[in-house]
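Worksheet for the structure shown next.
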2 protein chains.
Amino acid sequence: MRGGAFALALAGLAVLTVSALAQDAAVTPAPVSPQIASALDQLRDAALGDNNGYSIVEDLVTQIGPRRAGSPEEARARDWAQAMLRAEGFSNVHVEPFTLQSWEPVVQTASVIAPGQQPLVIAALGGSPSTPAGGLEAEVVRFLNLDALAAAPDAAVRGKIVFIDEPMARTEDGSGYGAAVRKRARCAPMAQHKGALACLIRSVGTNTDRFAHQGGNARQPDGASLPAAALAPPDADILARLLAHGAGVRVRLNITSVMQEAAPSGNVIAEIRGREKPNEIVLIAAHLDSWTLGQGAIDDGAGVAIITAAAKLINNLPRHPRRTIRILLAGSEEPGGLGGKAYDLAHHGDTHILAGESDLGADLVWRMRTRFGAGAGPYASAMLSALAPLAIISGDNALDEGGTDIAPTTEAGAPTIALNQDASHYFDVHHTANDTMAQIDRTHMRQNIAAWAIVLYLAAETDWDFRTGGMAPAAPPRQR
Amino acid sequence: MRGGAFALALAGLAVLTVSALAQDAAVTPAPVSPQIASALDQLRDAALGDNNGYSIVEDLVTQIGPRRAGSPEEARARDWAQAMLRAEGFSNVHVEPFTLQSWEPVVQTASVIAPGQQPLVIAALGGSPSTPAGGLEAEVVRFLNLDALAAAPDAAVRGKIVFIDEPMARTEDGSGYGAAVRKRARCAPMAQHKGALACLIRSVGTNTDRFAHQGGNARQPDGASLPAAALAPPDADILARLLAHGAGVRVRLNITSVMQEAAPSGNVIAEIRGREKPNEIVLIAAHLDSWTLGQGAIDDGAGVAIITAAAKLINNLPRHPRRTIRILLAGSEEPGGLGGKAYDLAHHGDTHILAGESDLGADLVWRMRTRFGAGAGPYASAMLSALAPLAIISGDNALDEGGTDIAPTTEAGAPTIALNQDASHYFDVHHTANDTMAQIDRTHMRQNIAAWAIVLYLAAETDWDFRTGGMAPAAPPRQR
């Protein structure tokens, strides 16, 4: 998942909660037929022994590896995805192409050059322009956060490298990310406005290991064009300690990046066609693209695998559910949710019964949240009853977008559901070189597959209308 | 610590154990005067509240960072060490210079180029020559271990990149290292002999995180000169999985390294001069140099800090102990224990009462091992009594060398002691970019300082002769 949307979703939550009903576990669940109940048990059991999901992400990571938005590797991932989805027996498998302005980091190095000399581990941030050839060298000035930078006189910043040394809190619900990610987009425009030569941030992550976290859009906001990079936490510590000894700490920063207009990307679509109401769509999404340093296992190979494996289990049942289940493997999520926007443009007229997304790794789902109509509580309650054996609890009905890839669709009014994964360790790895298969627990992944199989099947096999009673107003359009 | 010596020490252990007496905790401890007992309590209490050790390694890591043998940074580390040791109040602080043939990795990159294209995280191995400009490309052939490579026909290897995919066991006593490290030195000569173009090994480490482990001597053994590198474990996994899909896996390997004849290095010496027998030396060592990727915190900034802080606590007592405590901060340990050899050359005639070394990180000491005379059990027993409150147990009297920096001195007959640290996590980090302050637990480091303060003080304040009863024969000279 990318950063900005998540942060803004959390910010939006506070507003929405006021007008939204909390899901009440005491609401009587909508009745479920014995046939459906039996199918749910069957799906849950099959998912908890599933090896298909793990194999899917393992194959994606192995055959493709990192797959930057707009790159040849992302194109290979689309080919891989189509072949895989056809092999899994889905129908209507196709690519919906679009283009984007892409950004590629080619060189991203830094070192302390005074006092002494030592290398720093960094990751260039999305949209960062190149430094002058050979890099730039300047004194570093440290701020604890964006507010401190904003308050600083220009003279304290001009001609220097700004360093924002703000840490991130580790939280189960990932809310530490919302607090910490602002500096990633805002440092460059704010520092450039004050005359700085470059911007460094402490990585937006919870690790103490030596990995730097990439992220950000393909273009810096507000017309900024300033070299910007994230430091691995131990390297931010080095700068902080050197500066504690006194000023005069100088860094060389060397970034080469390439911008490409109209780089090719695309969404991959696959379906289980509904046997009775094929035009009623239950949408489930994940994204194919990744950042460049890691292998894209937890972000978001895991999501690709979880939703595909869950849908595959449904496809294995003796008959298709009534409604269509549509898989969206979005392209170009990381640089700004472009696949989700392209999907909405192409499918704005479709009838989306429900939309969900898996894009927070592969750790255990612990909570269900929704944005349903005021009278749809019994449907949520029935879903929770079916999820309870997986140790999933009730959240509220104040969910905002549910994920970047489905955000334009849910903003347009589609009911949405989130199966919140434990994010305690996700931000140790997110957007780093360490995003590999070693981060995926097969048992945890199976629980995710079980949960999504249950949700997708209930939504597609029933005639439930998740808008019943009227939806809370959509969140206001967001800055992306 | 470097690799080969440790492996060979473990190999030697099996031989020595037969002829050596196990330390018996039931042996009556040698009597200790009330004054000494009181000083030991004082040292232990002070160490368990010590902040000095942590500050020393933090300062070394911050002010110098990585300090490759023979580099300008190692020279700066000698300056730093002398200033620090003088500030701590030690006497006879000086450098004993020597030179070495040094090896510096400048470029170390690799990628899969077929099927598909994806980067691999590697670390060039010590002594690796450069690849041709721009790198070499070849098919990869995988072996489970050196024996499998040895058994392969030349035709299966010729013109290819050999990949030895042997993992390492996680163990408390570090013995997994001895089993796993052989391939690091032997892969290049064996592969070259069979006509391979390069050698890749699965890193000699226990991590699943994406760090590659450096290591090896500055020259490959047996006159080999073959590009050689270690893969991070997740990258070894990628190759293994690709090869499981079929042959035709090709890798580009790009290494640029620089060899330098007569590069400057040196040992830093400091002493607490004995008040009665200044020519009787209790030697305690650690090493100043490090590999290039990390910051040299646990290997061996921690050892530098532990032994210095322990000696400093003794220096804080109202009077010096009877014998001299000598600190050896060795240079150029990593590329072949050169500092230890230079020390032995310069000090072969000195009277070494006891020698010890701290070079396995900063985790808790759990066991004491010795190589004392057959009649010196009561002295070991008295040491164990004083160490027991720190949760340290008795090992055997079959210790081989005790550490690379003191090996030539102990081979020449000096009694030796080892305070074995818990190595369970050490080889997750050893020789990787992740060797930073974040790996050091302040409380664990304090226990190390307490243990060494006790051992050093007992050896320096008593008149114990650790050769009593005659030493077991020294281990045969080792291949290094």
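Not measured: the values here are computed from a predicted model. The figures here come from the full heavy-atom set of this structure, side chains too, leaving out hydrogens, waters and symmetry mates. Proteins come first, then strands; the chains are lettered A, B, ... in the order of their sequence lines, and each starts at number 1.
A/Leu239 does not touch chain B: none of its heavy atoms, backbone or side chain, sits under 4.5 Å away. Of the atoms belonging to A/Leu242, heavy atoms from both backbone and side chain fall under 4.5 Å from chain B. Interface residue B/Thr436: only side-chain heavy atoms are found under 4.5 Å from chain A. Proximity to chain B is limited to the side chain of A/Asp59, based on heavy atoms less than 4.5 angstrom apart. For a residue to count as touching a neighbouring chain, one of its non-hydrogen atoms must lie under 4.5 Å from one of that chain's; by this rule A/Arg76 touches chain B with the side chain only. Contacts of B/Gln439 with chain A are made by side-chain atoms alone, with heavy-atom separations under 4.5 Å and no backbone atom involved. With a 4.5 angstrom heavy-atom cutoff, A/Glu73 touches chain B only via side-chain atoms. For a residue to count as touching a neighbouring chain, one of its non-hydrogen atoms must lie under 4.5 Å from one of that chain's; by this rule A/Val61 touches chain B with backbone and side chain alike.
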### Task
May I have the step-by-step check of side-chain hydrogen bond (donor to acceptor under 3.5 Å, both in side chains) for A/Asn434 and A/Thr432, ending in yes or no?
CA-CA 5 Å; A/Asn434 202 29; A/Thr432 73; 5.3 Å; no
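Ranked by heavy-atom pairs under 4.5 Å with chain A, the list B/Ile238, B/Ile64, B/Thr292, B/Thr208 is led by B/Ile238. For the set B/Val429, B/Asp235, B/Val112, B/Asp209, the entry with the most heavy-atom pairs within less than 4.5 Å of chain A is B/Asp209.
Results of the side chain to side chain contact (heavy atoms under 4.5 Å, CB included) test with A/Leu200 over A/Leu120, A/Leu125, A/Ile161 single out A/Ile161 as the only residue that passes.
To the nearest 0.5 angstrom, B/Asp428 atom CG is 8.5 Å from B/Met168 atom CE.
Classification of the B/Tyr426-B/His430 ring pair by plane angle, with boundaries at 30° and 60°, yields tilted.
Taking 4.0 Å as the cut-off between side-chain N and carboxylate O, B/Asp435 and A/Arg210 do not count as a salt-bridged pair. Taking a cutoff of 4.0 Å between a charged side-chain nitrogen and a carboxylate oxygen, A/Asp50 and A/Arg442 do not qualify as a salt bridge.
In terms of heavy-atom proximity, A/Ala236 sits nearest to A/Asp165 at CB-OD1, 3.9 Å.
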